[in-house]
J.: 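Pasting a structure here, questions to come.
Below, each value reflects all heavy atoms present in this structure, side chains not excepted, and no hydrogens, waters or symmetry copies.
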Amino acid sequence: MVGRFLLYLAVFTASYAVKAELYVFPAPSPEATSHTLNTEITLYEEQTLSAIEQKNIDLLIKDTYQTLDKSNATSALSEINQRYEGTLPAWLYSAIKRCEDWFNRTEGNISCRNGALYDYWAEYVQGKHDLSRREVRRLARVARIAEVNFNDDNSVAFASPIKWDLSEFTASLAVDRIANYLTSINIRSYHISAQGLETHASNQGFSWQGTVAQEAVIQNGRATDAVSNPSTIAFIRPWQRPVLSTSKLASLEKGVLSHSDGWPSAKFQAISVADNAFEAMLLAHFSATKTAQQAMELVNANPSLALKLIDENGRVFTSNAYTARTSGKNKAEKNGHAISIDITLPLFDIADYRGPYVSVWISDEKNRLVKSLALRGTSERWLGELRTWWRRVGRKNEGLVDGFAGATKKNAPLHIQWDGLDDFGKSANSSSLILHVEVAREHGGRSYEKIPFTFDSLTSPITVTGTDEIASITLSLMN
């Protein structure tokens, strides 16, 4: 499970004071037995919950955990796992179907099918067997290739290698069910916190910004660009969490279990934003195990998602929409140092055309690295052919390739948005900067272009025509 920390709601700015009502589930009492970690709901605008409404929420949370409890042979999830088919409650059917959508979207890198894999890890933690890399790969693979069929009556049928397991996402599903219930009883603005999840949602359009270093959330008041869609944030620190833990035991291995190969990974601390808590947690799990380029490709292709990644060295990578989603539209518009970089690559009429290795980075006038922007290609042999990048950046930043690089993509153009922050999330303080673009292709050529610029000089776009492996490069201020 996600580390047992809670992010707490801070205060509204002085310009918008508001009374807040806090409810804790389960309610503190000598007789209370916690069916889960604390869930907190904060209501604004002098809204309150009646005793019956509080009871309904408590029952809803209990139902979520009991329905997904694999250790209970009579739970809805256990029953379909035993029969390989069955009709599910609408919310659980929707969750499994959405997880399968992510399974297909990520080519099996996010999955709720891996119950047998988690059971294997649990047995290892209990000392029942040694850990086999080959066996965890096999378990992940047989679940990945099995077939699943969904029907309109909320029933699902699947092949026996699949064993559904949503234990990593139980808290997020509970949060979403609470949010839906609050909406159904006309609660207009609220904040929900459960088991390391932060959920901020309001049909009044509250804006918010996560402050990860302080494990807090600063509420900035009403956004003038109010929208009806809520936003949620999920937060994972993979190097601080056991791969698997029970109430009595925890694995010595740290990280997030990769759903594609069954092995733990801890590349990034992931702060993910989505329209609901379940999607945010799915994204957080995916992003904690993949390279920054892989994660950002997925997120930047979907306007409903946003993402911030931080590696163990403190390097920060953010998706194109992260600042706008977490700071409010007005604040994002005031950033005059956000630039857009467009790079086109030529396609050669060659039978055995290989996708080129590409590196894009920003330096100051003394060639000191400011920001790594893109890296296509993972083979160290060919990354070394990006000779300028390797000499100035690659060989000096151990772990950058493993955590940052993405696959080659033939001659697909690069569209990069840079928010003006350096590799560690601070404003680039140099008045003179240099954009570097280097491309090298197996059995092909090598091209390198550098473009000096200042933010003030980008009042008009700068376009440079490249040679050989680079067609053109354009820099412009973002609108």
J.: With a distance cut-off below 6.0 Å to the six-membered ring centre and an angular limit of 45° from the axis, does Arg113 pair with Phe103 as a cation-pi contact?
T.: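 Judged by the rule (NZ or CZ under 6.0 Å from the ring centre, within 45° of its axis), Arg113 counts as positioned above Phe103.
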
J.: Do Ser94 and Phe278 come within less than 4.5 Å of each other through their side chains, counting heavy atoms only?
T.: no

J.: Only counting residues at least two apart or in another chain, list the ones meeting side chain to side chain donor-acceptor pair (under 3.5 Å) with Tyr120.
T.: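 None.
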
J.: Which heavy atom in Val243 sits nearest to a heavy atom in Ser251, and how many Å separate them?
T.: N-OG, 3.1 Å

J.: Checking Thr106 side chain against Trp102 main chain: does a donor-acceptor pair fall under 3.5 Å?
T.: yes

J.: Do Glu253 and Pro242 come close enough that some side-chain heavy atom pair is under 4.5 Å?
T.: no

J.: Quick one: does any side-chain atom of Tyr357 pair with a main-chain N or O of Ser379 as donor and acceptor, under 3.5 Å?
T.: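 Checked: pair present.
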
J.: For Phe348, does the six-membered ring have the charged nitrogen or CZ of Arg441 within the cation-pi criterion, i.e. under 6.0 angstrom from the centroid and within 45° of the normal?
T.: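 Cation-pi check for Arg441 and Phe348: passes.
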
J.: Would you say Arg446 and Thr388 make side-chain contact, with heavy atoms under 4.5 Å?
T.: yes

J.: So do Phe286 and Val299 actually touch side chain to side chain, heavy atoms under 4.5 Å?
T.: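 Side-chain contact under 4.5 Å: no.
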
J.: Of the options Arg392, Lys371, His436, which is the one that meets Ser363 in a side-chain hydrogen bond (donor to acceptor under 3.5 Å, both in side chains)?
T.: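 Filter result, single survivor: His436.
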
J.: Between Gln294 (side chain) and Thr291 (backbone), is there a donor-acceptor pair under 3.5 Å?
T.: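 It does hold such a pair.
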
J.: Cut-off 3.5 Å, side chains only: do Ser432 and Thr454 have a donor facing an acceptor?
T.: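 Ser432 vs Thr454: no donor-acceptor pair found between side chains.
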
J.: Quick one: does Ser427's side chain get under 4.5 Å of Leu421's, heavy atoms only?
T.: yes

J.: Would you mind reporting whether Val24 and Glu40 have side-chain heavy atoms less than 4.5 Å apart?
T.: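 Result yes, sub-4.5 Å side-chain heavy-atom pair found.
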
J.: Is a salt bridge present between Glu438 and Arg391, judged by a nitrogen-to-oxygen distance below 4.0 Å?
T.: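 So Glu438 does not pair with Arg391 through a salt bridge.
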
J.: Any donor and acceptor pair, going by atom type alone, linking the side chain of Tyr190 with main-chain N or O of Leu182 inside 3.5 Å?
T.: no

J.: When the ring planes of Phe317 and Phe404 are compared, do they come out parallel, tilted or perpendicular, using 30° and 60° as the limits?
T.: parallel

J.: Please walk me through it: do Tyr124 and Trp121 pass ring-ring contact (aromatic ring centres under 6.0 Å, His included)?
T.: CA-CA 5 Å; Tyr124 159 70; Trp121 271 90; 5.8 Å; yes

J.: Can you check whether Leu257 reaches Asn114 side chain to side chain, under 4.5 Å on heavy atoms?
T.: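 Leu257 vs Asn114: side chains apart.
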
J.: Please list every donor-acceptor pair under 3.5 Å in which a side-chain atom of residues 408-415 meets a protein atom from a residue at least two apart or in another chain.
T.:
residue	atom	partner	partner atom	Å
Lys409	NZ	Glu297	OE1	3.0
His415	ND1	Asp342	OD1	2.7
His415	NE2	Gln417	NE2	3.4

J.: Identify the two heavy atoms, one from Tyr23 and one from Thr48, that lie closest to each other, and give their separation to 0.1 Å.
T.: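 Shortest heavy-atom separation between Tyr23 and Thr48 comes out as OH-CA, 3.3 Å.
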
J.: Counting only heavy atoms from other residues, nucleotides and ligands, does the tally under 6.0 Å from CG of Leu252 exceed 12?
T.: no

J.: Going by the rule side chain to side chain contact (heavy atoms under 4.5 Å, CB included), which residues pair with Asp364 if we only count those two or more places apart in sequence or in a different chain?
T.: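 Partners of Asp364 under the side chain to side chain contact (heavy atoms under 4.5 Å, CB included) test: Lys366, Arg368, Val370, Ser430.
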
J.: So do Leu375 and Trp389 actually touch side chain to side chain, heavy atoms under 4.5 Å?
T.: yes

J.: Would you call the rings of Trp418 and Phe453 parallel, tilted or perpendicular, where under 30° means parallel and over 60° means perpendicular?
T.: perpendicular

J.: For Val136 and Arg133, work out which heavy atoms get closest and say how close.
T.: CG2-O, 3.1 Å

J.: Output yes when a side-chain donor or acceptor of Asn300 lies under 3.5 Å from a complementary backbone atom of Asn320, and no otherwise.
T.: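 At least one qualifying donor-acceptor pair exists.
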
J.: Are the side chain of Ser111 and the backbone N or O of Gly108 linked by a donor-acceptor pair below 3.5 Å?
T.: no

J.: Between Ser287 (side chain only) and Ala284 (backbone N and O only), is there a donor and an acceptor less than 3.5 Å apart?
T.: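 Here the side-chain-to-backbone pair does not exist.
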
J.: Quick check: does any side chain N or O of Thr64 sit under 3.5 Å from a backbone N or O of Ala174, one acting as donor and the other as acceptor?
T.: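 No; judged by distance alone, with no hydrogens or angles, the pair does not exist.
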
J.: Is the backbone of Ile473 close enough, under 3.5 Å, to the side chain of Glu449 for a donor and an acceptor to pair up by distance?
T.: no

J.: Side chain of Ser272, backbone of Leu283: donor and acceptor closer than 3.5 Å?
T.: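 No.
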
J.: Does Arg98 CZ have over 12 foreign heavy atoms under 6.0 Å away?
T.: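 Enclosed: over 12 neighbouring heavy atoms sit under 6.0 Å from CZ of Arg98.
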
